[in-house]
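The figures that follow rest on heavy atoms only: side chains count, while hydrogens, waters and symmetry mates do not. Below, read A as the first sequence line, B as the second, and so on, with proteins coming before strands; counting in each chain starts at 1.
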Amino acid sequence: MPHYDHYVIIGNGPAGNHTAAILRENDGDAKITIISDENIFFYYKPKLTEYIAGGLTKAELMVPGLSFYREKKIRLRLGQKVDKIDPERKIVFLNHMEKIYYTKLVIASGSGARVLPSMRSYADCLKHITTYNQVMEYKEQIQTAGEFFIFGGDLVGFKFIKMLCKMHKQVTLLIYPNAFWPFNLTEKMQEIIVKNLSRQGADVLVNDDISQIIKKEDTYIVKTVKGVEQQVDLVFSFNGLIPSVEFAKGCGLDIDHGILVNETMQTNVPDIYACGSCAQIYNPKINSYTTSIGWANAVVQGKVTAMNLLGTHRVIESVDYKYFDLEGVEIKTTWWEDIEESSFI
Amino acid sequence: MKDIDLVIEICGSAGEGTISAGEILSRFMSGQGFEIMSFDSYPAEIRGFGKCVAHTRLSSNCIYSPGKLVDVLISLNDGHSISQLSTLKKGGILVYDSAPLKPHGEDKSVLGWAEPGTVTYGVPLTMLANRAAGNSRGRNMVALGAVVALFHMDGQSFTQSIQARYAKKKQVIIDANVNSFLEGFNWTKKHIEKTDSISFDGVIMPAGREKLIINGNQLVVRAALDANLKFYAGYPITPATKIMEILSKELPKNGGTLLQTEDEIAAIGAVIGAGFGGVRAMTATSGPGFALMTEFTGLSVMAEVPAVIINSQRGGPSTGIPTKTEQSDFNAAVLGGTGDCPRIVLAPIDTFSCYQATVLGLYLAEKYQTLVVILLDFFLSNSIRNIDIPVKPSQVFLDSNIAPTKAELENYQRYKVTPNGISPRAIPGTPGGIFFSTGLEHDEFGKPDYSDKGHLKMTQKRFDKHSFVLEEAPAPQISDFTGDMADIGVISWGSSAGAAQEAVMLARKDGIDAVSFSSMILSPFPEKALVAFADKCKKILVPELNYSGQFANFAVHIIKRPVERLNYITGRPMASEDILEKMRQM
């Protein structure tokens with residue numbers, strides 16, 4: 001009796017899709033399933049800020065390749081949430097009580113917005129830009145709103161601020177130095193950033209913290225420790241990302257922030273791999289695990305995962321050092337890639 | 001006011017209350033002032049398994065067809081609903097049971113097959129039904145509660161609709177249904193984050209005239225009783241059984257008699273016997289039964305005895321597909337049987353015209369002393385509409401027999417040749433009105449006559465009579481031409497006519513200069529009107545629900561030019577979307 005693999009990929013981002021593409025190229029018989037809790041086709045997540053500001057159409061947000069899934073017989077299960085994994089029986093349990101049997105599992109579930117512990121009580125007041133559905137909820141509000149309060153300061157946040165300034169919105173940014181993970185913001189860097197953002201029209205607050213956020217009808221009153229009080233239409237939090245791996249906890253997988261994998265993207269559990277921003281990859285040079293972000297990294301990791309699944313030994317190598325311009329501060333990194341270099345399926 | 005035009009399907013297994021839920025939804029929407037068209041599809045087997053679908057289109061405007069694609073699919077059964085997903089519109093809404101008793105096996109969950117972009121709402125139907133009534137029977141009501149909450153319908157009025165639906169049941173059953181509905185309603189309001197744009201908020205339909213919520217079979221019965229039907233003989237067969245079932249209760253109350261015969265041959269024999277005796281009589285059947293009745297239909301024409309057969313078509317030939325709709329008995333109805341046998345054939349084009357066709361059929365059969373076949377189909381028989389209450393027929397339609405005068409009775413010729421072919425008919429027992437009656441060819445007195453001249457004369461008489469029927473038949477429905485010539489003319493009949501009319505309206509919005517033609521009377525056919533219509537159309541399209549294009553072949557013979565054909569035998573009613581698509585390709 002012929003035996004066909006069933007590759008189940010959790011995640012519909014660049015890592016998951018590139019894993020699927022390579023698997024299909026090299027294994028025509030296998031069953032391939034992609035599962036995602038987002039009910040939307042593969043899209044450029046880094047372009048959400050442009051989309052939210054009205055600079056892109058929905059079609060431009062999407063990664064071309066809709067027909068790819070049909071032609072390549074890749075089953076897309078969108079809008080379907082994974083509840084848990086049973087590695088012993090090789091079953092993925094979906095939230096709607098369906099069981100999916102796999103022979104090889106790839107976890108490429110990406111990451112979600114990080115909410116600072118001190119801000120959890122204000123979670124209902126905070127907005128993030130990490131998924132399409134979140135964006136759709138307040139896309140129209142952004143167009144009509146006049147005043148914004150933003151705290152944190154990760155890459156997406158800076159992009160968003162620049163766009164709001166271009167749209168002539170009133171923006172106040174409270175910089176949180178620890179939002180700049182994976183590097184620390186120095187005083188000097190902060191000075192340059194403040195100068196550049198102020199030139200663009202944003203009010204920048206530093207060395208302060210939020211003491212209270214009060215919802216008042218359709219607006220929010222933000223109070224800081226140093227006594228600043230502002231009434232704004234929307235409050236955004238940009239404090240980095242955390243891997244979306246809740247469903248994988250307790251099944252025997254080694255998890256720190258993300259799922260721990262070796263240089264071949266393999267987890268500690270046989271036949272389960274992880275890649276993209278949900279994975280923490282072992283780096284022998286520093287003898288530790290690091291998390292990567294960025295589209296290009298995810299693509300490379302997806303490809304390496306697929307090759308290893310197919311039995312071709314490949315070791316992940318981080319992409320070359322790049323210099324990233326963060327509001328005038330040049331940052332040297334191996335992880336941050338410009339999305340324009342994204343590859344297409 | 002914003003327009004509402006929605007197609008909602010409830011899909012479940014037989015015995016899960018799928019059809020009841022659809023009926024309650026339809027009645028509620030009708031009560032709110034919306035136009036409704038709904039029909040059910042169910043398995044041929046009596047109960048216990050098989051897929052059931054309750055399909056409802058509701059609109060704030062006129063409805064002509066049931067709608068092919070679905071805006072909202074409510075799944076009461078994952079296994080059956082998976083195949084039903086193909087009818088869901090892109091970006092449509094799926095409501096499913098998010099907490100079934102047992103986990104689904106791989107690929108056995110309807111959500112697992114939902115197309116990307118489908119708006120999905122998981123509601124714990126089984127769990128809430130159990131909570132409401134201690135068992136899962138109320139899942140259908142929980143689902144209705146969820147839909148009412150999701151789309152911001154009037155929950156209180158809906159509760160009253162449920163109470164009305166089960167008013168004759170025990171209080172415990174009413175309570176179980178209402179409680180299940182409220183569980184679904186309240187749970188959805190609390191837990192579901194709405195992401196679709198359908199909302200009945202602020203939609204208030206103007207109070208209109210009182211409507212009758214009824215299907216074609218029920219309307220046939222109503223019409224028959226209103227038109228003085230006094231005898232019915234029949235043998236049960238889907239989809240016509242309901243006519244007999246209702247008449248078995250109602251006909252005796254109206255001074256009539258119902259006879260369940262051993263088969264369809266006996267039924268038509270009894271109907272012809274009753275007709276001979278001067279009583280308005282009819283039978284109802286479907287394809288297989290109609291085939292048997294052919295044994296007797298020639299007698300009705302030859303002996304000039306009134307008889308009415310309702311043939312509700314289903315998938316054929318033979319036993320075929322009992323619970324699916326088709327229009328494949330056209331040839332059998334218009335041309336079937338032996339000899340030169342002119343008969344009247346009527347085909348209602350919508351639910352309302354089932355009433356008109358039945359009244360007219362009984363009238364014409366009696367007046368023209370002949371066979372009348374009324375072609376319904378599964379869809380017309382079972383689809384429910386809310387219509388204006390029909391006006392009862394005038395006295396003229398209640399007694400149309402042309403009786404002989406005293407002078408005519410002196411030397412009574414039962415089959416006398418007259419200018420319009422109608423011979424005065426003496427009802428047995430009429431003094432001086434004794435006559436021969438036989439299936440053999442006969443002379444004007446009714447005595448057998450096998451001569452060539454006699455046969456020609458009497459055949460001619462029967463055909464002449466037949467041609468006069470057109471003078472009393474309703475004129476074809478022809479949409480207005482916008483210029484001298486239309487690009488496309490759509491010729492349709494029976495239940496496909498509504499979809500054709502709607503397709504023409506949609507095509508015009510698309511910039512296609514299209515017109516439509518449909519005739520309730522198929523035999524004799526208004527040939528002159530059809531030729532005049534076709535002459536003003538550059539291209540002709542004939543959509544119908546049979547494989548071989550039976551009506552198209554018939555029309556080609558009349559207009560003497562080729563036509564485009566659109567033939568479906570999917571078991572589903574004709575869809576305006578398909579006709580429109582075909583027009584775009586022409």
*Checking A:Ile40 against chain B: side chain, backbone, both or neither under 4.5 Å from a heavy atom?*
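Looking at A:Ile40, nothing touches chain B.
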
Would you call the rings of B:Phe28 and B:Phe158 parallel, tilted or perpendicular if under 30° counts as parallel and over 60° as perpendicular?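 Ring orientation, 0 to 90° scale: tilted.
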
- Task: Indicate the ring-plane relationship of A:Phe160 and A:Phe238, choosing parallel, tilted or perpendicular according to the 30° and 60° boundaries.
- Result: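 Ring orientation, 0 to 90° scale: tilted.
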
**Request:** Could you check which of B:Gly112, B:Gly117, B:Pro103, B:Ala99 has the highest count of heavy-atom pairs closer than 4.5 Å to chain A?
**Result:**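 Top option by heavy-atom pairs under 4.5 Å: B:Gly112.
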
| Can you tell which of B:Val119, B:Thr118, B:Thr195 has the highest number of heavy-atom pairs within less than 4.5 Å of chain A? |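 The option with the most such pairs is B:Thr118.
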
Contact class of B:Asp107 relative to chain A, heavy atoms under 4.5 angstrom: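 The answer is both parts of B:Asp107.
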
Centre of A:Tyr273's six-membered ring, under 6.0 Å away, within 45 degrees of the axis: is that where NZ or CZ of A:Lys104 sits?
->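 Checked: cation-pi criterion not met.
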
B:Asp578/B:Lys68 under salt bridge (Lys or Arg N to Asp or Glu O under 4.0 Å): CA gap, chis, key distance, verdict: CA-CA 8 Å; B:Asp578 289 331; B:Lys68 183 183 178 186; 2.6 Å; yes

